[in-house]
Every structure is written in C-alpha cells, then in structure tokens.
Amino acid sequence: MVTDLDKIFSNFEKNEIFEDKSYLQPNHTPKQIYHRDEQIKQIASILAPLLRGEKPSNLFLYGKTGTGKTLSIKYITQEILSRSKNLSFDLKIEYINCKLKKISDTEYRILAELVRRMGGEVPDTGLPTESVYTRFVDLVDKNKKIIVLIFDEIDQAVKKISDDFLYNLTRLNSELSKTKISIVGISNDLTFLDNLDPRVRSSLSEEELVFPPYNALQIQDILKMRAEKAFKKDVLSEGVIEKCAAYAAREHGDARRALDLLRIAGELAEREGSKKVLLRHIDESNQKIERDKILDVIRTEPKQFQLVLYSIINLVKQKNGPIFTGDVYNYYQDLCRTYKSDILTQRRVSDIIQEFDMLGIINVRVISKGRGGRMREIKLAINNKITEKAEEIIKEALEYG
DNA sequence: GTCAATTCACATGAAAGAGACCACGGTCTAGTG
DNA sequence: CTAGACCGTGGTCTCTTTCATGTGAATTGACGA
C-alpha cells in the first residue's frame, strides 16, 4: 500500500510531462488568438464607441461551442478596459455565463447577480422580482456610466425563462437617465434569434457576427501554440497534436474539446509515469472525457431520475431492441414499489425521459404505431461499458440512499 | 377499392399546488437609564 | 426608551400533479364502382 503511494507521489513530483498545465485549462486566456482576426477586428470596431463615451450597438455573436466566441469577447473587453483608465465616466463590462445554474436559472437570479456585480446586495430569495429591478436601476443610475452586459449562452437562459426577460432588459435603457446599457449576446444555437419575439430580436441584434468552426489545421495551430508552453520539451510524440485536432474537428471544430483532450492525455501519461504522451493516450483521453461526463451527470441526478434511467437500462438489456414509454413507466412503477419510493405520474416521467435525451444519455424518437398509439422510442446512447458502470452507480445510490 | 372518420397511447402545454427557503415590517419582551 | 426576539405575510424556487389539448398512422366502416 505504502509503496503504491510512494510510486504515485514520486511520479507526480518528477513531473516529466507538464511545464505549466494552466495553458491548457479551459479558462486560460492566451495573449494571442489565432484565426479569429477578422471577428476580433469587427467586434472591436463595434465596441469602439465605448471609449468615446457613446453607447455601442447591441451585438450578437453566434457560433458552435469552442469556436472562440467567449475568448474573443473577453480579450477585447480586457483591451478596452486597459485603455479606459482615464475616461471621464464609469465603464463597466460584466460577463455573465447563463449556463451556470446557480446564477441564471431564473430572471430573478440573473438580475440579482447583476446587482451584486454592480456592488449592491440582494438576498437569494424573498424579494419580488420587480423590486430587484428598481434596485438595479437605482444603483446603476446614480452617476453617468456605460455598461456592457455580456450574456454567454444566452439561449440557455431564454429557454429556461422566457424572452420577455430580454425585452425588459432592452427596455431598461428608457428608464435610465444617465446610464446607458449595451447588451452582447452569445449563443451557440444558430436558430436562436428566429424564435424570439420580433421586438426583442430587432433591438438585440443590431449587429450580428458569426464564428465559423475551426478546421483541423487551425486547431493544430492553436494546440501547438499552447502545447509549447504547457508541456516540457519533446514530450509529445509524433502525431499527437494532429490526432487531437482531428478528433476535435470531427466534433464541429471545437477547440476547447481539443485542449481538454490534450490536457487529459497529458494527465494520463503523467499518472502512468510515462515519459511521453503517446497516441494511445489520446484515445484513452477521449474515452475518459466521455465517460466522466456521463457518469458524473448520472451520479448527481436525483433519485427519481435514477430510477427512470435504471428502468431504461434494464429494459434495454432484457429486450435487446427498442423500448417505449409505456414499458418504461410500468417497469418504473414496479421499481418504485420495491424501493419504497413515491411513484411519479406518467406525465412527469415523460419529461424525465426527455431530459435524459437532452443530456445525451439516451436517444429518443417519437414514433406513431398507427392505432397502436404514439410514443417515444428509446435507445441508450452510451456504450455497454459505461452503461454497466452507470448501473452500478445507480444501484449503489438506491440501496444506500 | 377508396376515402374520411375513428382510435390508440401517448406527446405536449398550461396552470397551479406543495413544501422549502427567505426578506420585510410590525409587535412583543426584557433590559437599561 | 430601545435593542433584539418573534411572528405573520408575501415573495421565489423546484418538483410535481391536474387538466386539457394535440398528433400520426393503422384501422374501421360507409360508399361507390
């Protein structure tokens, strides 16, 4: 036992792989951004009026995940802020990530977060939303300011709340006398604007910009640049970067994915005590990312969700073919009885199944069997190995939970 | 045989309830001068 | 008289239930050839 620990720690101390891992961390902002010159220039020229104290147009950025939207906007805001030291007014640029649950599940929370960023205080709950609005207005309108609000993954927020939240935001400007607010929306859903209230759409997207996916070569450039700083010399074996890039390019040119892949591969190599990152490590890394992501979701899911998923897994194993909503619900009911759990209505279970679909754990298709009715056809979207592991996790959670 | 109506087994939507959490303002209580 | 304890009201949030309406195609049954 002790010797094992010794081995682990000494491997770690030797640290023959990484020079500075932070260059591969997702939140690292590099000094130089490759292959986004055009976009950065455009954003900069749109936001430039800030430095003259004018309100810039609202801006909307599109692009799949990992195409550098967040990176570019953060880079530009930094540049702008660093040039704004001696301006005669307050310039505030706030970045809000709507994907983080605690912050942005509801209108109230987003607003509360805004107030806090502006230096005010709001309780987590208990106040009417309206009063948070007035608090925000009071706080912001005390002296002349220009505020840029950046909403990352704004589509998530709108899905959860509704678009009149955005309408309220765009309307805020008319309630403010001294301060002006600009909004930058970032979305990776290209159809997002189409389903928006027209009033909101026109005011929100005065300017639009699309971030195309990186191709494999561009990802290679990015990886090379970061890998140079992150890894020690000659640690990466031939073709590692190329392989990472290829994997990521397959996933709609997601550079973040490529970086994760490389970082995890490095960690795996390090853990093994290997002196080099091999091609094999990339494959393992790819699997590990996938597995960890899914198992983590499953682990943290509430009990009822686990029961439903457990039903699905078992049914798929039994029937060895597609299964349907009704099957799942029946099995689920039995399962609830054996574990003495409350039984949810079919309506609710239906929603739960849909959520698993969204998480990518199962694949769901609505089919009609004519007179046999209309239902979802459910398949597992994860491979057997992960499924088994998932089953174990759930079983454990159910017996000890 | 053809065509519209019917029917199945859910999907999908909207609204509202339950229970947990919490802020705010008013009232009560006890300690202080 | 005042600070702090206590309470009631009204707000949010999440997870659910209830009620209502929608839906795609196999089946049915009336109808005409």
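Here is how names work: the chains are called A, B, and so on, in the same order as the sequence lines, proteins then strands, and each is numbered from 1. The basis for the numbers below is simple: all heavy atoms, side chains too, and nothing from hydrogens, waters or symmetry mates.
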Mind checking ring-ring contact (aromatic ring centres under 6.0 Å, His included) for Tyr62(A) and listing every partner two or more places apart, or none if nothing turns up? Phe60(A)

Contacts of Phe231(A) that satisfy ring-ring contact (aromatic ring centres under 6.0 Å, His included) - sequence neighbours left out: Phe18(A)

CD1-CG distance between Ile222(A) and Leu217(A), expressed to the nearest 0.5 angstrom: 11.0 Å

How long is the line joining [atom1] of [X] and [atom2] of [N], in whole Å?
| X | N | atom1 | atom2 | value |
| --- | --- | --- | --- | --- |
| Arg347(A) | dT17(C) | CZ | P | 11 Å |
| Leu307(A) | dT16(C) | CG | P | 11 Å |
| Glu107(A) | dG11(C) | CD | C1' | 14 Å |
| Glu355(A) | dT14(C) | CD | C1' | 12 Å |
| Ile110(A) | dC13(C) | CD1 | P | 11 Å |
| Leu111(A) | dG11(C) | CG | P | 17 Å |

Sorted by number, the residues of [range] with heavy-atom contact under 4.0 Å to DNA chain C:
| range | answer |
| --- | --- |
| residues 131-139 of chain A | none |
| residues 361-382 of chain A | Ser368(A), Lys369(A), Gly370(A), Arg371(A), Gly373(A), Arg374(A) |
| residues 321-346 of chain A | Ile343(A), Leu344(A), Thr345(A) |

Restricting to side-chain hydrogen bond (donor to acceptor under 3.5 Å, both in side chains), what partner residues turn up for [X], sequence neighbours left out?
| X | result |
| --- | --- |
| Gln354(A) | none |
| Asp292(A) | Lys288(A) |
| Arg263(A) | Asp260(A) |

Whether the Gln220(A) and Tyr214(A) side chains hold a donor-acceptor pair (N or O, under 3.5 Å, no angle test) is what I'd like checked. no

Residues pairing under salt bridge (Lys or Arg N to Asp or Glu O under 4.0 Å) where one sits in residues 39-61 of chain A, two or more places apart or in two chains, turn out to be Arg52(A)-Glu54(A)

Within residues 343-360 of chain A or reaching into it, pairs that qualify as salt bridge (Lys or Arg N to Asp or Glu O under 4.0 Å) - sequence neighbours excluded: Arg347(A)-Asp351(A)

Terminal contacting nucleotides, 5' and 3', DNA chain B versus chain A (heavy atom, 4.0 Å): dT7(B) to dC24(B)

Taking only Lys NZ, Arg NE, NH1 and NH2, and the carboxylate oxygens of Asp or Glu, determine whether Glu79(A) and Arg83(A) approach each other closer than 4.0 Å. yes

Test: ring-ring contact (aromatic ring centres under 6.0 Å, His included). Region: residues 25-58 of chain A. Which pairs qualify, not counting sequence neighbours? Tyr23(A)-His28(A)

Can you confirm whether Val316(A) sits close enough to Lys379(A) that some side-chain heavy atom of one is under 4.5 Å from a side-chain heavy atom of the other? no

Is it the case that more than 12 heavy atoms not belonging to Tyr75(A) sit under 6.0 Å from its OH atom? no

